[in-house]
A.B. asks: 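Dumping the structure here so I can ask a few things about it.
In this chain, numbering begins with 1 at the start of the sequence shown. The analysis underlying the following values was restricted to heavy atoms, covering all of them including side chains, and did not include hydrogens, waters or symmetry mates.
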Amino acid sequence: MKLVSVFLRSTVYFAGQVLSTLVLGPVLLAAYPLGFETRYAIAGLWVRFNLWMLETVCGLKYEVQGLENIPERNGIILCKHQSAWETLALQAMFPPLVFILKRELLRIPVWGWAMATLQPIAINRQAKTAALKQILRDGEERLKNGLWVVIFPEGTRVAPGQKGRYGPSGGLLAQRVGCPVVPVAHNAGEYWARRAFLKFPGIIQVRIGPPIEPATLSAAEITHQAEQWIESQMAKISGFGPYAGNLPERDVSTISQ
């Protein structure tokens, strides 16, 4: 597909994303007294609309293997973080969940205010020790209330083909609560890169791994097992999208945000 066409389709998607946020954001705020389940259902409309727009307008679809690995009991999702895409798609794949995010995001007009109603764990990433304590404290509360907790163990989005250091919070939280850890790998960054405006058509590959039970494992062993599984899957599904590897200059420097 020509770059001009990709740009036009991405522009239409962006317009739809903004409009849907301006419509549903205030609805979420107004629904605050109605409880978390109602607010989450409203947010789900926004998620499904944006995934539909990505598929129908941008031609960006996804395939999932391993849905049967999601246990009935809630737990922790340790997911590769390459794009904004997975923050949408995880909500379509898993039961109700909350994200760990940097607190500055909640200050974004409309979107951030609406996100604040969905019980995220908003941390100060600069204060690492305090952030870890908050993840363990608030994560335990969310898990005991029946929600899933999403943790991006590398801490930030990494480019396709790269790997960050896996942090300990997921393993520590799993051991503390005694809940399963479900690892997730995907190659979304090869079609919708970090901070990129362009969304290229294609099929994102998602792999959901068998749950890791913490009963006989240390926190470090839990994290290591998740890391090994995720990175082994990344080796199988990486290298096919337009943003894979080192990009031609025209793809990243002509149109970006």
A.B. asks: Once you round to the nearest 0.5 Å, how far does CG of Leu143 lie from CD1 of Ile76?
C.D. replies: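 Result: 5.5 Å between the selected atoms.
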
A.B. asks: Are Tyr13 and Trp52 connected in a single hydrophobic cluster, I mean Ile/Leu/Val/Met/Phe/Trp/Tyr linked by side-chain heavy atoms less than 4.5 Å apart?
C.D. replies: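 Yes, one cluster joins them.
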
A.B. asks: Could you grab the distance from atom CG of Leu132 to atom CG of Leu136, nearest 0.5 Å is fine?
C.D. replies: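 Between Leu132 CG and Leu136 CG, I get 4.5 Å after rounding to 0.5 Å.
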
A.B. asks: CD1 of Ile222 to CD of Gln175: how many Å apart, nearest 0.5 Å?
C.D. replies: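 These two atoms lie 5.5 Å from each other.
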
A.B. asks: May I ask you to test the Val18-Leu22 pair for a side-chain heavy-atom distance under 4.5 Å?
C.D. replies: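 The answer is yes; the side chains approach within 4.5 Å.
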
A.B. asks: Using the rule given for side-chain contact (heavy atoms from CB on, under 4.5 Å), can you reason through Leu78 versus Val184, listing the C-alpha separation, both sets of side-chain angles and the distance that settles it, and then say yes or no?
C.D. replies: CA-CA 6 Å; Leu78 287 188; Val184 178; over 6 Å; no

A.B. asks: Take a 6.0 Å sphere around CD of Glu68 and say whether it holds more than 12 heavy atoms from other residues, nucleotides or ligands.
C.D. replies: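 Above 12, so yes.
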
A.B. asks: A side-chain contact here means heavy atoms from C-beta on lying under 4.5 Å apart; do Arg39 and Leu34 qualify?
C.D. replies: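 No; the side chains remain at least 4.5 Å from each other.
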
A.B. asks: Starting from Ile203, can I reach Leu51 by hopping between I/L/V/M/F/W/Y residues whose side chains sit under 4.5 Å apart?
C.D. replies: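 They do not share one cluster, since no chain of ILVMFWY contacts under 4.5 Å joins Leu51 to Ile203.
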
A.B. asks: Do the side chains of Phe49 and Val27 join up, straight or via other hydrophobic residues, at under 4.5 Å, putting them in one cluster?
C.D. replies: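 Same cluster: Phe49 reaches Val27 through Ile, Leu, Val, Met, Phe, Trp or Tyr contacts under 4.5 Å.
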
A.B. asks: Would you say Ser83's side chain and Trp192's backbone share a donor-acceptor pair under 3.5 angstrom?
C.D. replies: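 Yes, because the side chain of Ser83 sits within donor-acceptor range (under 3.5 Å) of the backbone of Trp192.
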
A.B. asks: Could you go step by step and tell me if Ile77 and Ile151 meet the side-chain contact (heavy atoms from CB on, under 4.5 Å) rule?
C.D. replies: CA-CA 6 Å; Ile77 302 164; Ile151 296 178; over 6 Å; no

A.B. asks: With a 4.5 Å heavy-atom cut-off, do Val182 and Trp148 have their side chains touching?
C.D. replies: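 Yes, close enough: below the 4.5 Å cut-off.
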
A.B. asks: Identify the two heavy atoms, one from Gly241 and one from Glu190, that lie closest to each other, and give their separation to 0.1 Å.
C.D. replies: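 In terms of heavy atoms, the two residues are closest at N-OE1, 2.8 Å.
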
A.B. asks: Mind listing the closest non-hydrogen atom pair of Ala185 and Ile230 along with its distance?
C.D. replies: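 Shortest heavy-atom separation between Ala185 and Ile230 comes out as CB-O, 3.8 Å.
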
A.B. asks: If hydrophobic clusters are built by linking Ile, Leu, Val, Met, Phe, Trp and Tyr wherever their side-chain heavy atoms come under 4.5 Å apart, do Phe197 and Leu8 end up in the same one?
C.D. replies: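 Linked, Phe197 and Leu8 end up in one cluster.
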
A.B. asks: When the ring planes of Trp85 and His186 are compared, do they come out parallel, tilted or perpendicular, using 30° and 60° as the limits?
C.D. replies: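 If you compare the ring of Trp85 with that of His186, the planes turn out tilted.
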
A.B. asks: Does any pair with a residue in residues 77-101 pass salt bridge (Lys or Arg N to Asp or Glu O under 4.0 Å), and if so which ones, sequence neighbours excluded?
C.D. replies: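 Counting only pairs at least two positions apart or across chains, the salt bridge (Lys or Arg N to Asp or Glu O under 4.0 Å) contacts touching residues 77-101 are Lys80-Glu154, Lys80-Glu231.
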
A.B. asks: Can you see which heavy atom on Asn69 is nearest to which on Gly209, and at what distance?
C.D. replies: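 Looking at all heavy atoms of both residues, the closest pair is CB-O, 3.3 Å.
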
A.B. asks: NZ of Lys163: more than 12 outside heavy atoms within 6.0 angstrom?
C.D. replies: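 Yes, NZ of Lys163 has more than 12 neighbouring heavy atoms, counting only those of other groups under 6.0 Å.
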
A.B. asks: Any side-chain heavy-atom pair from Lys199 and Tyr191 closer than 4.5 angstrom?
C.D. replies: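 Result no, sub-4.5 Å side-chain heavy-atom pair not found.
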
A.B. asks: Return the set of residues passing ring pair (Phe, Tyr, Trp, His ring centres under 6.0 Å) with Phe36 (not counting sequence neighbours), or none when no residue passes.
C.D. replies: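 In terms of ring pair (Phe, Tyr, Trp, His ring centres under 6.0 Å), with neighbours along the sequence ignored, Phe36 is linked to Tyr40.
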
A.B. asks: Under 6.0 Å between ring centres, would you say that holds for Tyr243 and Phe200?
C.D. replies: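 Distance test on ring centres: under 6.0 Å, yes.
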
A.B. asks: Below 4.5 Å, heavy atoms only, C-beta onward: do Ile121 and Gln134 meet side chain to side chain?
C.D. replies: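 SC-SC contact between Ile121 and Gln134 confirmed.
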
A.B. asks: Any idea which heavy atoms bring Trp229 and Ser232 closest together, and the distance?
C.D. replies: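 Heavy atoms only, the tightest pair is O-OG, 2.7 Å.
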
A.B. asks: Holding to salt bridge (charged side-chain N to carboxylate O under 4.0 Å, His left out), I want the full list of residues that pass it with Arg48, two or more places apart in sequence or in another chain.
C.D. replies: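 For Arg48 there are no salt bridge (charged side-chain N to carboxylate O under 4.0 Å, His left out) partners, ignoring immediate neighbours.
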
A.B. asks: Kindly write out the residues that satisfy salt bridge (charged side-chain N to carboxylate O under 4.0 Å, His left out) with Lys144, not counting sequence neighbours, or none if the list is empty.
C.D. replies: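 For Lys144 the salt bridge (charged side-chain N to carboxylate O under 4.0 Å, His left out) partners, ignoring immediate neighbours, are Glu140.
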
A.B. asks: Please report the closest heavy-atom contact between Pro201 and Val6, naming both atoms and the distance.
C.D. replies: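 Answer, listing the atom of Pro201 first, then Val6: CD-CG2, 4.3 Å.
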
A.B. asks: Out of curiosity, Arg157 CZ to His81 NE2, how far, rounded to the nearest 0.5 Å?
C.D. replies: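 Interatomic distance, Arg157 CZ to His81 NE2, rounded to 0.5 Å: 5.5 Å.
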
A.B. asks: Please say yes or no: joined through hydrophobic side-chain contacts below 4.5 Å, possibly via intermediate residues, are Met53 and Leu19 part of one cluster?
C.D. replies: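 Each belongs to a different hydrophobic cluster.
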
A.B. asks: Determine yes or no for a side-chain-to-main-chain donor-acceptor pair under 3.5 angstrom, with Arg142 supplying the side chain and Pro120 the backbone.
C.D. replies: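 Looks like yes, one N/O pair under 3.5 Å.
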
A.B. asks: Under a 4.5 Å cut-off applied to non-hydrogen side-chain atoms, are Pro211 and Val181 in contact?
C.D. replies: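 Pro211 vs Val181: side chains apart.
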
A.B. asks: Is the shortest side-chain heavy-atom distance between Ile123 and Asp138 below 4.5 Å?
C.D. replies: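 In short, these two side chains do not touch, never coming nearer than 4.5 Å.
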
A.B. asks: Quick check: closest heavy atoms across Ile212 and Ala226, and the distance to 0.1 Å?
C.D. replies: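 Looking at all heavy atoms of both residues, the shortest contact is CD1-N, 3.6 Å.
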
A.B. asks: Are the side chain of Asn124 and the backbone N or O of Gln126 linked by a donor-acceptor pair below 3.5 Å?
C.D. replies: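 Yes.
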
A.B. asks: side-chain contact (heavy atoms from CB on, under 4.5 Å), that's the test. Do Glu55 and Lys61 meet it? Break it down for me.
C.D. replies: CA-CA 5 Å; Glu55 179 173 346; Lys61 306 175 183 180; 3.6 Å; yes

A.B. asks: With side-chain contact (heavy atoms from CB on, under 4.5 Å) as the criterion, how do Val149 and Asn74 come out once you've worked through the C-alpha distance, each side chain's angles and the decisive distance to 0.1 Å?
C.D. replies: CA-CA 8 Å; Val149 174; Asn74 66 308; over 6 Å; no

A.B. asks: In Å and rounded to the nearest 0.5 Å, what is the OG1 to OH distance from Thr38 to Tyr32?
C.D. replies: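 Atom-to-atom, Thr38:OG1 and Tyr32:OH are 13.0 Å apart.
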
A.B. asks: Show me the donor-acceptor pairs, under 3.5 Å and distance only, between side chains in residues 233-240 and residues at least two apart or in other chains.
C.D. replies:
from: Ser238; atom 1: OG; to: Met234; atom 2: O; distance (Å): 2.6

A.B. asks: Given side chains that start at C-beta, do those of Pro153 and Glu227 come closer than 4.5 Å, heavy atoms only?
C.D. replies: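 A side-chain contact is absent here, since even the closest heavy-atom pair is not under 4.5 Å.
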
A.B. asks: Give every donor-acceptor pair under 3.5 Å between a side-chain atom in residues 87-116 and any protein atom, sequence neighbours left out.
C.D. replies:
from: Thr87; atom 1: OG1; to: Ala84; atom 2: O; distance (Å): 2.5
from: Gln91; atom 1: NE2; to: Thr87; atom 2: O; distance (Å): 2.6

A.B. asks: Could you state the interatomic distance from CD (Gln228) to NE2 (His224), rounded to the nearest 0.5 Å?
C.D. replies: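 Here the interatomic distance stands at 4.0 Å.
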
